[in-house]
Structure formats: structure tokens, C-alpha cells
Novice: 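Below is one structure. I have some questions about it.
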Amino acid sequence: MTHAAITGWGKCLPPAVLTNADLSTFLDTTDDWIASRTGLRERRVSHVSAIEMATVAARRALACAGREPGDIDLIVYGSCSNDEQVPNSASGVQLALGARGAAAMDVNTACTSFLYGLSTANAMIRTGAIRRAVVIGVELISPYMDWDNRNVAVLFGDGAAAVVLEASDAPIGLLGEQLGCVAEQRHVLRVRGMGCVYANRDVVLGDTAWDFEGQEIFKHAVQGMVRASAAVLDKCGLEASDIDLVVPHQANLRIIEAVVSRTGVPMERVMLTVQRYGNMSAATVPVALVEAIEEGRVRPGATLLMPAFGGGLTVCAHVVRWGDRVTPLGTTDAELPRCDRSALEMVTAIRARKADAAVRSGAGLRAPRLDVR
Ligand code: ACO
């Protein structure tokens, strides 16, 4: 049966860095609290749209694979922070790339969106529906962040990364996955204002308020990822000792440590980016994958485990067998436009806009907790 090899990879991180010290200029928090509870030291804040970040990441992945946009049959855009809902975001990337022959679809399972997108494209390649796909994980969280809520504002960042998948006769690429959802817990992470259910309920679209039960998320994230990792290893006939590198979702260092120790993999075999980028939701796993390859931590033939969780609470774990090539076939000069504001200046502007919107909508942002579950 046909397999789907990962033949290209590329990331796009916006240049503006928001440090823990920056956050403590307007929040009652400290570098020490954030670093010790989460592992984070800094995160990125984007000056461009999510589609722009995704397009640069996709161009880099295509160049790495030695492919042109016209070679692509499908673009999967994994994200929960779309620039707009209709038209979808994948079509925006298709247009920007000039990938005229490609189908274009969005996948939203929150932080697991890249991995669910990987499963989707992999399945389509294996059935013969398509031969080549670009799968993107991207998130632009900063405009939707409640920057005055220290429980969530310290955790997230913006970024994007993409991979190219191609049909291959070799038994490489995605070996197996375990997908699931702990829907009873969907209320523990909800961003009010990011969806149409709020249109007539006193919440202004785009002006968000976060319902966030950190400890509940923590508990279910660990349990879910440990279960999914055990299940996918079993499906693939592998032991924890067969895993060369874990590339996990990067929400919190303590969550990662709990998951890998229970799975039986030592921390030396874990790729960490959370300290530099924070939780970029759908972008965390592909950015960590790209950096692992760049740092020489993915060797030819390596077996990778990728556990993740996201709002929903969606959970999953994927096992990927790498091919022979760990170097790019080509490069591109694709870049984001220059950023001439600091991350703190951008965040200050977002806070001012939100405060203004709150005044204009009266009690809008302080709407009572909704009863949708
Ligand atoms: N700075 C200083 N103090 C803070 C901050 C902050 N940024 N945030 C919370 N605190 C305070 C709390 O108010 C609380 O104070 P209190 O004891 O006076 O009430 C105290 O610190 C302890 O708070 P806890 O919630 O118990 O802290 P905990 O150790 O659980 O860490 C955290 C909180 C980091 C949010 C943790 O629960 C966590 O990481 N949860 C998972 C979050 C997550 O992964 N989110 C991503 C979900 S999205 C996704 O990836 C799908």
C-alpha cells in the first residue's frame, strides 16, 4: 500500500519577542513564577496575519521538498484562530502560493489541528485520492488573548510551520495514530468571542474572554496523552524504548515531563521549544519538528512519537518513521515583511483596543458564563 512520506518542512516565527519581564510590566506576575510553573521564558507576537505566516512556512516546506506550489494536490490548514471563517484560510494560502491545482481545507481541533491535519492528508494519500499535500499548523493568538488575565496571558504565542507529504512506496511517514476527545471536559477551555454562537449573546466577536480551568486542563491533558501514546505504540507494535525522539505539544514543561515519564521515555529524548515560543497551539508540534531536524536530532530512519492535546479536549498521539533525508533539497527567500514595533508595543495596542471595545459594548465582555456545553 502507498505510504505518505514527509519530504519537506519549514517554519515561520514572527520576529517580535515578548519576554516574561515584558509581561510583568502590566500583569501581576514574575519571570520566576512563569518559568517555574510552565517552563516559558518568552514567546512571539505576530505583526502579520495567520495566513501570511502560514504561507511563508509553506513556501519554505515546498522549497525543502524541491517542489513547486503547482505540484500540490491539497492544502490542509490546521488552526483555531482563523483570520476569517468564510472563506476558509487554506484558500488564502492557496491563493498566496499560487497553488492553483490544490484543494484547500481547514481543520480545527485546537492545539491538535496540525496532527489531525496530518492524519487527514496521510489517509487521502494512502487511498490514492491525492499524491501530494502541504499540512500547516498555524496560530495567531495574540489579537484574541485576554492580556489582562494572568492565568492565560503568560502561556501562549504566535507561529506557524508546515510539512510536505508525498506518496511513497517505502514504509515511512505516519505509521499510526490514536485520536480521541474528552468531550465532557470541553468547558474547561473556551474562548468566548471566537465563534458565531456568541453573535447574539452580548459578546463582541473578536473581543474575547477566556474560560480556562488550568488545573483541570493539566490533569486531563496528561491522562489523555499518556493513554493515546500507549495506544499508538501498541497499534504500531512498538515499545517506548523504540522511540528515538518525542516531539510533544508544548503547552507546559511540567505537562511534558509528566507525559514522557509515564510513557517511559527519558527527557534526553524529548524535543523542547516551550521555553522560547510558549504554547503556539497548532503550530507547536510542527515548529518543534522543524527545529529538531535543523538541530540534527532527527536521524535518517528515526521513529518519532508526537502526543498532543487541545481544546475540546481533543487528544492524540502519532508515530512517524522518518525517511533517509534530513537535509533540505532547496531554500527560498520567502520572508515576512519587516516588523518595526516591539512585541510589548503590539500587546499594548491590543489591550487598548480591547478596553475601547469593552466600553463601547457596555457589559459585553463581562457577559455571564454561557450555558452551552
Ligand atoms: N503569575 C503569578 N501568579 C499566578 C499566575 C501568573 N501568571 N497565574 C496564576 N497565578 C496564581 C493563581 O492566581 C494562584 O494564586 P492563589 O493560590 O492565590 O489562588 C496561584 O498562582 C497558583 O495557581 P494554580 O492554578 O494552582 O497554578 P498551577 O501550578 O496549576 O499552574 C498553570 C497554572 C500554569 C495554568 C497550569 O495549571 C497549567 O499549565 N495548566 C494547563 C494549561 C494549559 O496547558 N493550557 C493550554 C491549553 S490550550 C491547549 O494547549 C490546548
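Counting convention: from 1, in listed order, for ligands and their atoms alike. Residue numbers run from 1 in the order of the sequence given.
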Novice: For ligand 1, note which part of F212 has a heavy atom under 4.0 Å away: side chain, backbone, both or neither.
Specialist: side chain
Novice: Minimum heavy-atom separation for M306 to V285, with atom names?
Specialist: SD-CG1, 4.1 Å
Novice: Taking 4.0 angstrom as the limit and counting only heavy atoms of C111, give me the atoms of ligand 1 inside it, by number and element.
Specialist: 48 (S), 49 (C), 50 (O), 51 (C)
Novice: Any N or O of T29 that comes nearer than 3.5 Å to an N or O of ligand 1?
Specialist: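 Yes, since at least one N or O of T29 sits under 3.5 Å from an N or O of ligand 1.
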Novice: Between E291 and R297 (salt bridge meaning N to carboxylate O under 4.0 Å), is one present in this structure?
Specialist: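 No, no charged N to carboxylate O under 4.0 Å.
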Novice: Closer than 4.0 Å to some heavy atom of I255 - which atoms of ligand 1 meet that?
Specialist: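 This gives 41 (C), 44 (O) as the contact atoms.
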Novice: Answer with side chain, backbone, both or neither: which part of T30 has a heavy atom less than 4.0 angstrom from an atom of ligand 1?
Specialist: neither
Novice: Given N151, T38, V154, which has its nearest heavy atom closest to atom 34 (C) of ligand 1?
Specialist: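 Going through N151, T38, V154 one by one, T38 has the nearest heavy atom to atom 34 (C) of ligand 1.
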Novice: Tell me whether the centres of the aromatic rings in H220 and F309 are closer together than 6.0 Å.
Specialist: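 No, the ring centres sit 6.0 Å or more apart.
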Novice: Hey, does G214 come in under 3.5 Å of ligand 1, counting only N/O atoms on both sides?
Specialist: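 Yes, at least one N or O pair falls under 3.5 Å.
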Novice: Using 4.0 Å as the upper bound for N to carboxylate O, is an ion pair formed by K235 and E177?
Specialist: no
Novice: Ignoring hydrogens and geometry, is there a side-chain-to-backbone donor-acceptor pair from E216 to G214 under 3.5 Å?
Specialist: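 Between the backbone of G214 and the side chain of E216 there is no qualifying donor-acceptor contact (under 3.5 Å).
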Novice: Could you list the atoms of ligand 1 found under 4.0 angstrom from a heavy atom of D28?
Specialist: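 Taking each heavy atom of D28 in turn, ligand 1 has 1 (N), 2 (C) under 4.0 Å.
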Novice: Which residue and atom name correspond to the protein heavy atom nearest atom 46 (C) of ligand 1, and how close is it?
Specialist: N279 ND2, 3.4 Å
Novice: Under 3.5 Å, is there a donor-acceptor pair between the side chain of Q250 and the main chain of M271?
Specialist: yes
Novice: Please determine whether a side-chain nitrogen of the Lys or Arg among R269 and D244 lies less than 4.0 Å from a carboxylate oxygen of the Asp or Glu.
Specialist: no
Novice: Can you tell me which residue and heavy atom of the protein come closest to atom 26 (O) of ligand 1, and the distance to 0.1 Å?
Specialist: Q215 NE2, 2.5 Å
Novice: Look at the side chain of W147 and the backbone N and O of S142, then say whether any donor-acceptor pair between them is shorter than 3.5 Å.
Specialist: yes
Novice: Mind telling me whether F156 and W210 have parallel, tilted or perpendicular rings, with 30° and 60° as the class edges?
Specialist: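 Answer is tilted, since the angle falls between 30° and 60°.
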Novice: Taking atom 13 (O) of ligand 1 as the point of reference, which of R150, H249, M280, E139 owns the nearest heavy atom?
Specialist: R150
Novice: Short list, please: which atoms of ligand 1 are under 4.0 Å from a heavy atom of R37?
Specialist: 22 (C), 27 (O), 28 (P), 29 (O)
Novice: Does atom 28 (P) of ligand 1 have a protein non-hydrogen atom under 4.0 Å from it?
Specialist: yes
Novice: For atom 8 (N) of ligand 1, what's the nearest protein heavy atom and its distance?
Specialist: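 Of the protein heavy atoms, W33 CH2, 3.3 Å lies nearest.
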Novice: Sub-3.5 Å donor-acceptor pair from the side chain of R44 to the main-chain atoms of P14, do we have one?
Specialist: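 Confirmed, R44 side chain pairs with P14 backbone.
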Novice: Is there a heavy atom in G311 that sits closer than 4.0 Å to ligand 1?
Specialist: yes
Novice: Any non-hydrogen atom of T314 lying under 4.0 Å from ligand 1?
Specialist: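 It does not; every heavy atom stays at 4.0 Å or beyond.
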Novice: So is N252 polar-close to ligand 1, meaning N/O to N/O under 3.5 Å?
Specialist: yes
Novice: Can you report which non-hydrogen protein atom sits closest to atom 31 (O) of ligand 1, along with the distance?
Specialist: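 Sorting protein heavy atoms by distance from atom 31 (O) of ligand 1 puts R254 NH2, 3.4 Å first.
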Novice: Output yes when R60 and E335 qualify as a salt bridge under the 4.0 Å nitrogen-oxygen rule, no when they do not.
Specialist: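 A salt bridge is present here (some side-chain N lies under 4.0 Å from a carboxylate O).
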Novice: Does E257 pair with R254 as a salt bridge, N-O distance under 4.0 Å?
Specialist: no
Novice: Any protein heavy atom under 4.0 Å from atom 16 (P) of ligand 1?
Specialist: no
Novice: For ligand 1, does L189 get within less than 4.0 Å through its side chain, its backbone, both, or neither, judged by non-hydrogen atoms?
Specialist: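 Near ligand 1, L189 shows its side chain, while the N, CA, C and O stay back.
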